[in-house]
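Fair warning: this is a prediction, and the values are worked out from it, not measured in the lab. Residue numbering restarts at 1 for every chain, and letters A, B, ... go by the order of the sequence lines.
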There are 2 protein chains.
Amino acid sequence: MSSVFWHTLFGASTGFDLSQISELLNIAKNKGLKAIPTGSELSKIQASRLSTDTKMSKDQIELGKMLYFDPRLSGNKELSCNSCHNLSLGATSQVRKENNPALLNAPTLYNVVFNNIMHYNGDITDTRSNNPGKKDTTLSALSKAILASFTSKDELNNTTKGMMKSLDDIKNYKYLFNRAYGSDVKVTPALVADTIASFVATLTTPSRFDDFLHGNLKALSQDELEGLVLFIKQGCISCHTGVNLGGTMQPFGVLKPYKFASLGGFKGDAHGNVKVPTLRNITLSEPYFHNGGYKELHKAIDEMARIQIGINLSSRETKLIADFLSSLDGYIKPVRLPLLPSSYHDIDEKSSIDDLR
Amino acid sequence: MSSVFWHTLFGASTGFDLSQISELLNIAKNKGLKAIPTGSELSKIQASRLSTDTKMSKDQIELGKMLYFDPRLSGNKELSCNSCHNLSLGATSQVRKENNPALLNAPTLYNVVFNNIMHYNGDITDTRSNNPGKKDTTLSALSKAILASFTSKDELNNTTKGMMKSLDDIKNYKYLFNRAYGSDVKVTPALVADTIASFVATLTTPSRFDDFLHGNLKALSQDELEGLVLFIKQGCISCHTGVNLGGTMQPFGVLKPYKFASLGGFKGDAHGNVKVPTLRNITLSEPYFHNGGYKELHKAIDEMARIQIGINLSSRETKLIADFLSSLDGYIKPVRLPLLPSSYHDIDEKSSIDDLR
């Protein structure tokens, strides 16, 4: 990266010209920023998040969506995955956790398919063998995290047995599993988690920034391009990189202490590292930090610059970085609210889901 | 109604013929059963549930849907109307309230537009003047009940002020109200309630039984017809009548005491009458009774026959009545999950809702 280049960019009062934008694009890619993949590349990643016994069929995904929205599988039968990872609200809950510090701010599930490490402390990773020829039914990190959320007392607060009992009580789920996996399928907790994972894996949100990474030099505004320059130049990109501009374990509170470090269940891994949250759709996932301590994005940007890279941003710099982050607001595919199967009807063979009600 | 007719029906081992079905249809209508109206008749009822300042425009209904799904308007910012009146689960919560007897089993909101009395104790009714020429901005029973649910400690547990503050904090709601009602609109708690009511008023679920009432003599199976005969003959129809097969205030525990009468917040009006729940979509709204004390529909039918009309149904009779009730399972219109406005973007004029994110 040439210092002449940075100088040119900031000196350019008439804005970036196409050759500068093209150079910036190359730098961004060389620094590790990646577009949300499409087509077979996306399918390959999605498949890698499921066990080898499952597939991303339409019936499986639709069933996964039902399970995602079904509160009857939780301990008190009132909470579903969607209660905290609310697809109407950026797949997060937007609840400040200051009054309940044991809980952690629910991370967005949009684009979580691109993560291979789960939870702030990174306690869930993919431990499967990487041998394509070998059948390995161990759960992926994503499926393990989903299963863990059913039994965590701070989340769905059920037991694996309770979850399976509830499923079993709702007669038509049996039919839906058969439809998705064949009549000889054995419904196990792992299969339930994998089925939900197949739906969650579809929650990808390509944005204007992805258009830019794919080579559309006019996808970003001049302010957003300036914000990207700052994002790279100031070093935000060291941790916020890859497809999700986050997702790896990194040191936290590098230059100044993290003011909420002692609040709630916040802790890092054995090396003190914590998982870097994605910046995709960040404007939708307020409040910020593990306890939701900051409501405004600009304050979160300032605080991160201060404690992680030791600089005080000017208000213009903060605004430009926020502008760049807004270009990560993705296209959210419409979701049709599922009609959940009832336990009244005892139907074995039907062609339409609506008939199962 | 001719006793010869009933005799003929039950003696007919070969099933009902068309002339018998036609006679049964006439009896059902004469006894007060009504189909869900369509077209201008439906529009007229929907409009009567809103104050004269509101209208059922597409923008108003879409905004009402957002408010229905937005947990940020509740006291703890975690509950929305949809949490308890879950549109994935028959617009109810399917939670047994035995562990929390202060709460009442959430009634379904499907077809609630046909009710003019709200709550078990009927404490909310429509008190508006019935003068079409006179402007009356008093709230309808439906809007009053919606507003009450925001401030009830057992429901959304907010204050009117807190609800308005939350709305005000989410910048783009202002734009959405302007879009729905014009730029000079004053957003009041009453308008919020009316806007939600306009969405709730669309939640109607016409069923095969409505086809029957509209004159399709082949809409019901032989067992369902037999169930309808019993439903009329045994007297269930005395209380479960009208469009919603319920909705009026009636005595309860007429011939035998109601076993859950002392549990939780259950009480009647000054005359000891309680509101009759609708039987529409009853197979989706388990568990039954005010505290959700009965899980199975057939047990609820048996209990109602015992305490209200003093008879013990045979298992075949119970099954036939349940079959008839299943014919009230309606067509549920697909709902696209709303994307709720964020408080980050400050946008005044936009043409697409998706741009508001």
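Without hydrogens or angle criteria, B:Ser88 side chain to A:Leu339 main chain gives no donor-acceptor distance under 3.5 Å.
B:Ser342 OG to A:Leu297 CG: the interatomic distance, rounded to the nearest 0.5 Å, is 10.5 Å. Note that OG of A:Ser93 and CD of B:Glu78 are 6.5 Å apart. Values are rounded to the nearest 0.5 Å. Note that CZ of A:Arg72 is 5.0 Å distant from CG of B:Leu89, once rounded to the nearest 0.5 Å.
Surrounding NZ of A:Lys333 are more than 12 heavy atoms belonging to other residues, nucleotides or ligands, all under 6.0 Å away. Other residues, nucleotides and ligands place more than 12 heavy atoms under 6.0 Å from the NZ atom of A:Lys77.
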May I have the step-by-step check of side-chain contact (heavy atoms from CB on, under 4.5 Å) for A:Phe69 and B:Leu337, ending in yes or no? CA-CA 11 Å; A:Phe69 277 91; B:Leu337 202 68; 3.9 Å; yes
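The part of B:Asn86 that comes within reach of chain A is its side chain, from C-beta onward, which places non-hydrogen atoms under 4.5 angstrom from that chain.
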